[in-house]
Amino acid sequence: MVYLLLTTIIWAFSFSLIGHFLSPIMDSWSLSFFRTAIALVVFLPFIDLKISKKHKLCMVLIGSIQIGIMYLLYLNAFQYTSVSKILLFTITTPVYVTIFADLINKKFRSIFFVLSTVSVIGALIIRYTSLSQNDIIGFFLIQGANACFAAGQVLYKYFEKWTGRLSNGLSDFAYFYIGALIFTSIGYFTSSNYSPLPSDLFSWVLIIWMGVVASGLGFYFWDRGSLLVSSGTLAVMNNLVIPLGLLVEIFFFDQILDAQTYVIGTLIIIVTIIVSIRN
C-alpha cells in the first residue's frame with residue numbers, strides 16, 4: 001500500500017503540471033518521448049542481459065501497452081479538454097483492472113467488480129460536469145489510455161507472480177521502458193505536428209521531473225506495489241488520484257468545486273479501498 005500511496009501523491013501533481021505548464025507549450029508526442037527516454041536512462045544501468053528472451057519480450061510488450069500506447073492516448077487528451085475533466089474521465093480505470101484480472105484468473109469476483117463500480121460512482125460524484133464536443137474526444141482518448149494502463153498493471157502483476165522473479169524489478173523496468181520508448185519514438189519521429197522544444201529552464205526541470213519521478217519511479221512503485229495487494233485493492237486504488245489531483249487544483253490553481261460532493265465522493269472511494277483490503 002505504501003508504494004501505491006506514494007505513487008498516487010506523485011501523480012496527483014503530474015496532472016496539473018502537464019495541463020498548466022507543459023501541454024500549452026509542448027505537443028504530446030514530444031512530451032511522451034522525452035518522459036520515456038529519461039525514464040529508460042534511470043533504469044538502464046540495472047539491466048540484466050542474461051535473462052531469457054521470453055522474459056525480455058514480455059516486459060517490452062507490457063511496457064509498450066502500459067506506457068507507450070497509453071501515453072500517446074493520455075497526453076493527446078490534454079489538447080482537447082481540461083485537467084479536471086481528464087481526472088474525471090480516468091474514473092473507469094478500476095473497472096478495466098477488475099475485468100482484465102478476472103479474465104486472466106478465469107474467475108469472476110463479484111465483490112471486486114462491485115467495489116470498482118462504487119469507486120467509479122464516488123469519483124463521478126466528486127466531479128460530474130457537462131461535456132463539449134472536444135470533451136467527448138478527450139473522453140474516448142482517456143478510455144483507451146485507461147484500458148492500456150489497466151491491462152499493463154494487471155499483466156505485470158500476474159507475470160511476476162508466475163515467474164517468481166520479484167527481485168529483478170529494476171532490470172525488468174529497463175526492458176519495460178524499452179518497450180514504451182519504441183511506441184513513443186514512433187509517435188515523435190513520424191509526427192509532423194510537433195512543436196519546438198522549450199527553451200526555458202523551468203520547463204526542462206519539469207520534463208526531467210516527469211521522466212525521472214512521475215514516469216520512472218512512479219510506474220516502478222505502482223507496479224511493484226501491485227504485487228503486494230489484491231486485484232480488487234489495486235483496482236480501487238486507481239481512483240484515489242482523482243480527489244488528490246483535484247485537491248492540487250484547488251490549492252494551487254484556484255479550481256472551484258462543491259465541497260459537499262467532493263467530501264462525499266472522496267469518502268466513498270476511501271471506503272471501497274478499506275473494504276477491498278479486508279477482502
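Below, each value reflects all heavy atoms present in this structure, side chains not excepted, and no hydrogens, waters or symmetry copies.
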Evaluate Thr81 against Phe89 for side-chain contact (heavy atoms from CB on, under 4.5 Å), listing each step before the verdict.
CA-CA 10 Å; Thr81 189; Phe89 298 157; 4.1 Å; yes
Might you point out which heavy atoms bring [X] and [Y] nearest each other, and give the distance in Å?
X	Y	answer
Ala214	Ser14	CB-OG, 3.4 Å
Phe159	Cys58	CE1-CB, 3.5 Å
Val248	Ser16	CG1-OG, 3.6 Å
Ile208	Ile38	CA-CD1, 4.0 Å

Any side-chain heavy-atom pair of [X] and [Y] under 4.5 Å:
X	Y	value
Leu181	Thr184	yes
Glu249	His20	yes
Thr36	Ser215	no
Tyr188	Phe34	yes
Trp209	Trp204	no
Ile207	Met26	yes
Asp172	His55	yes
Cys148	Gln66	no

Which is it for Leu155 and Ile104 under the side-chain contact (heavy atoms from CB on, under 4.5 Å) test, yes or no, and what are the steps along the way?
CA-CA 8 Å; Leu155 287 171; Ile104 289 177; 4.0 Å; yes
So, applying side-chain contact (heavy atoms from CB on, under 4.5 Å) with [X], which one of [options] is it?
X	options	answer
Ile67	Phe149, Phe183, Phe176	Phe176
Tyr175	Ile51, Ile62, Leu40, Leu57	Ile51
Leu227	Tyr3, Tyr158, Tyr156	Tyr156

Cut-off 3.5 Å, side chains only: do Tyr74 and Ser32 have a donor facing an acceptor?
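Their side chains do not contain a donor-acceptor pair, so the 3.5 Å distance test is not met.
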Verify the distance criterion only: is there a donor paired with an acceptor across the side chains of Asp48 and Ser171 at less than 3.5 Å?
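Per modelled atom types, Asp48 and Ser171 side chains form no pair under 3.5 Å.
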Residue from Phe221, Trp222, Tyr220 passing ring pair (Phe, Tyr, Trp, His ring centres under 6.0 Å) with Phe173
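It is Tyr220, the one option of Phe221, Trp222, Tyr220 that forms the ring pair (Phe, Tyr, Trp, His ring centres under 6.0 Å) with Phe173.
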Start with the C-alpha distance between Ser226 and Asp223, add both sets of side-chain angles, then the distance that settles side-chain hydrogen bond (donor to acceptor under 3.5 Å, both in side chains), and finish with yes or no.
CA-CA 5 Å; Ser226 73; Asp223 280 5; 4.9 Å; no
Is it possible for you to say whether [X] and [Y] belong to one hydrophobic cluster, with membership spreading through side-chain heavy-atom contacts below 4.5 Å?
X	Y	value
Ile186	Phe189	yes
Leu197	Leu201	no
Ile10	Val2	no
Leu170	Val41	no
Leu49	Leu44	yes

Evaluate the criterion side-chain contact (heavy atoms from CB on, under 4.5 Å) for residue pair Met237 and Val97; output intermediate values, then yes/no.
CA-CA 10 Å; Met237 278 295 295; Val97 171; over 6 Å; no
Got a second to check how far [X]'s [atom1] is from [Y]'s [atom2], nearest 0.5 Å?
X	Y	atom1	atom2	result
Ile86	Phe78	CD1	CZ	4.0 Å
Ile25	Ser30	CD1	OG	10.5 Å
Thr92	Gln143	OG1	CD	3.5 Å
Ile182	Tyr177	CD1	OH	14.5 Å
Leu31	Met210	CG	CE	7.0 Å
Ile99	Tyr96	CD1	OH	7.5 Å

Treating Ser203 as the side-chain partner and Ser199 as the backbone partner, does any N or O pair qualify as donor plus acceptor under 3.5 Å?
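Checked: no pair found.
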Got a donor-acceptor contact below 3.5 angstrom from the Lys157 side chain to the Val229 backbone?
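A pair under 3.5 Å: yes.
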Angle class for the Trp11/Phe219 ring planes (parallel below 30°, perpendicular above 60°, tilted otherwise)?
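Geometry flag for Phe219 against Trp11: tilted rings.
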Does a sphere of radius 6.0 Å around CZ in Phe100 hold more than 12 heavy atoms from other residues, nucleotides or ligands, not counting ones at 6.0 Å or beyond?
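Enclosed.
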Could you tell me whether Phe202 and Phe21 have their ring centroids closer than 6.0 angstrom?
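Yes, the ring centres sit under 6.0 Å apart.
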Residue pair Ile178, Ile47: steps toward the side-chain contact (heavy atoms from CB on, under 4.5 Å) verdict:
CA-CA 11 Å; Ile178 288 173; Ile47 195 168; 4.2 Å; yes
